[in-house]
Amino acid sequence: MKLLRVDMNQSQVRWEPVPPVYERLGGRALIAKLLLEEVPPACEPLGPLNKLIFAPGLLGGCSVTTAGRLSVGGKSPLTKGAKEANAGGTAGDTLGKLDIKAIVVEGRAHKGKWFILRIHGDSAELLPAEGLSGLGTYATSDLLQERYGAGSTVISIGQAGEMRLGGAGICVTGEGGQRSNHAARGGLGAVMGSKSLKAIVIDKPVGKSIPSADADLLRTAARTFAQKLINDPKLGSKGAQHLYGTSSIVAAVNEMGSLPTRNFSSGNFEGSGTLRGEYLREVNLSRGGEAGTRCMPGCVIACRNVYVDENGKPIVGTLQFETIALLGSNLGLGNLDEVAQLNRMCNDFGLDTIETGAALGVALEAGSGKFGDFESIRVLLAQVGEGTVLGRLIGNGAVLTGRVLGIKRIPAAVGQGMPGYDPRSLKGNGVTYATSPQGADHTAGNAFGARNEVNPLGIPGQKELSLRLQIIAAMLDSTGLCLFARPPIISNPQLMVDMLNGRYGWGWTVEDYDRANREVLRTELEFNRRAGLTPADYRIPEYMCTEPLPPHNVTFDVPNSELDSVFETL
Amino acid sequence: MKISVELFGQLSPQAPRRQTLDLASTATVQEAAELLGLNSEEIGMVTIDGIQSEMQDPLHTDCRLCFFPYLSGG
């Protein structure tokens, strides 16, 4: 495999062999190690010393179902620590097939110049981004696929990334004209903007297959893995994830009293009935929309939808739980058409819907608009794309919005807006938000799926649960697997070990695999420590520890001593 | 005692989505599920008044009982 170094200072690219220190790492694990080895931890996230890394997981490109996610990483402008966000689409699979371990973007181009990086087979070049500056991600993807072929993969930023806003994410195209896969969290789109890199275009690889150390072992394990996903009651063709997508959990999270509502002031939204997955499916299919499609080649779960308007015209694909929670109930909106429109605007500007929804909730509490009033919210969000002062404020995320507008109820941890689970009534997620080196990020260790093991309202067991989930998440993010593909690996880790050994011939044991997953967290925590983050930076906001959340009227009461000892057994 | 019940996801076609049940005062979640004709293997989560509960847990007058299929985190 090889690394592609992109020097924005000199407008040069170079291929290099993978250094031994990175050889057994992929995705998030590689990003963490590369940050610790090559990036000064205290550097300015939007300055030339930070690096932006694109890396497929260890199983990217080798026909393992759900393993085609692309990890993107760097030092986050929001958390000021190590950040990895990943997206579906075709990028992870394509880079894997091209035998590219990672693309590492370094330095900073002269201000005002924008570039695209084009990768064509074994060659790469930086080209002027003519006619692309100022465009949203939809138009950017359209233009670049017209230029380089509909089968090419486009990774791009919108206006938010160009303006280096902390809520900016990175868009990745997928099969069949997909435009809305985003490595959304942590402001990595702003890092891409700071490098003056508007987009990466990867031509479709033709006739590329990657060699495996033991093809039979890989094939057998991959087939077993896929079959177990198909047989899983949550994930198979009769499962809620396939039928309703991630929105299948709207009703459950609402019933548990954890659905962010009106800037996290309640965990129960009276309008949730028209936001939930069953309703979404019914309305969407009746209009000619799609459900049960896939965001990555070969995915057997297929939880993506294409949400359409009353005339059957696609608004956005896919409309997901997190977006519905943050741009819906959190803003007092119970209309999926309105949520979908806000979703599309965020996608086009290249904004993280979680961070932006959290920021908008704070702005509404400050009186900049009204909860439940779509038009006032739409106008606020439109200002992000226009680049007004208020728009840039919201685009920079919940913490900055709250600080400037004088709001103390800011749902964030480690500088990052919270996802769609209020930590007061799903305390396991609170522990993850308050300890993960990734900040308030449900994908770093989501306790919702573990509700049968630990009482979500209690304290006992949360610390151990969060650590276990964080280790699993590190594995998923480093191998390129989708978050939802975890059940077969949790029940039989040997399956993952066999796939890795089949691909690489490392002769790993389950113990080696476990050690590698834990090392990801250790590396990130060390980077964050060197960056100056202290336990105080990780805390759940004070108001959530004192202000009871309806309907269960609970606070986040996991003691700091518990939080500070989560990694004692790492 | 009377309780209100709501079924979610794939469970709802098995019985009316929302209904009121009249049960003995000692009734459990399991008994309510049987009365509704639900396939217990398809029940992934149960809440009573928003609190995660088990099949053997007792019900109480005027409670809200919800049955969910197996779900994955969002």
Side-chain angles (χ1 to χ4, degrees), chain A residues 232-236 238-258 267-268 273 276-278 281 301 303 320-325 419-421 425-426 429 442-443 445-452 454-457 469 482-487 551-552, chain B residues 1-21 23 27-74:
Chain A
D232 189 289
K234 296 190 287 285
L235 308 171
K238 294 179 180 173
Q241 190 75 10
H242 175 75
L243 293 171
Y244 309 111
T246 59
S247 62
S248 61
I249 66 169
V250 169
V253 177
N254 185 63
E255 199 65 30
M256 292 166 69
S258 197
N268 192 273
R276 62 190 197 175
E278 301 93 318
R281 180 182 170 87
I301 301 173
C303 66
Q320 296 212 60
F321 167 73
E322 300 295 337
T323 300
I324 290 170
Y421 313 85
S425 46
L426 188 54
N429 277 23
H442 66 293
T443 67
N446 191 351
F448 176 83
R451 61 196 171 277
N452 289 326
V454 176
N455 175 8
L457 295 169
L469 293 168
C482 168
L483 177 66
F484 305 119
R486 64 185 183 180
H552 298 310
Chain B
M1 63 178 173
K2 283 190 166 42
I3 68 163
S4 66
V5 179
E6 187 160 358
L7 310 177
F8 293 88
Q10 311 94 296
L11 300 179
S12 57
Q14 297 180 27
R17 203 182 103 199
R18 283 183 183 149
Q19 55 186 296
T20 300
L21 294 183
L23 298 166
T28 63
V29 174
Q30 179 73 47
E31 289 168 53
E34 287 170 3
L35 188 65
L36 292 165
L38 298 180
N39 181 349
S40 60
E41 290 184 359
E42 294 180 9
I43 299 170
M45 176 179 163
V46 177
T47 59
I48 301 173
D49 293 334
I51 305 291
Q52 183 191 316
S53 303
E54 306 298 331
M55 294 300 281
Q56 65 274 19
D57 285 347
L59 301 167
H60 59 266
T61 302
D62 295 332
C63 71
R64 172 175 161 77
L65 173 64
C66 295
F67 290 99
F68 297 89
Y70 286 94
L71 299 169
S72 224

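All heavy atoms count here, side chains included; hydrogens, waters and symmetry mates do not. Residue numbers start from 1 in every chain, and the chains themselves are labelled A, B, ... in the order their sequence lines are given, proteins ahead of strands.
Proximity of a side-chain donor or acceptor of Glu322(A) to a complementary backbone N or O of Gly420(A) within less than 3.5 Å is detected.
Proximity to chain A is limited to the side chain of Phe68(B), based on heavy atoms less than 4.5 angstrom apart. The contact between Glu278(A) and chain B is made entirely by side chain atoms (from C-beta outward), counting heavy-atom distances below 4.5 Å. Looking at Ile324(A), there are no atoms closer than 4.5 Å to chain B (heavy atoms on both sides), in backbone or side chain. Residue Arg276(A) touches chain B through its side chain alone, counting heavy-atom pairs closer than 4.5 Å.
To the nearest 0.5 Å, atom NZ of residue Lys238(A) and atom OH of residue Tyr70(B) are 15.5 Å apart.
Counted within 6.0 Å of CD on Glu41(B), heavy atoms from surrounding residues, nucleotides or ligands total 12 or fewer; the atom is thus considered open.
Look at Glu42(B) and Lys234(A) and you find no salt bridge, because none of the NZ, NE, NH1 or NH2 atoms lies under 4.0 Å from a carboxylate O.
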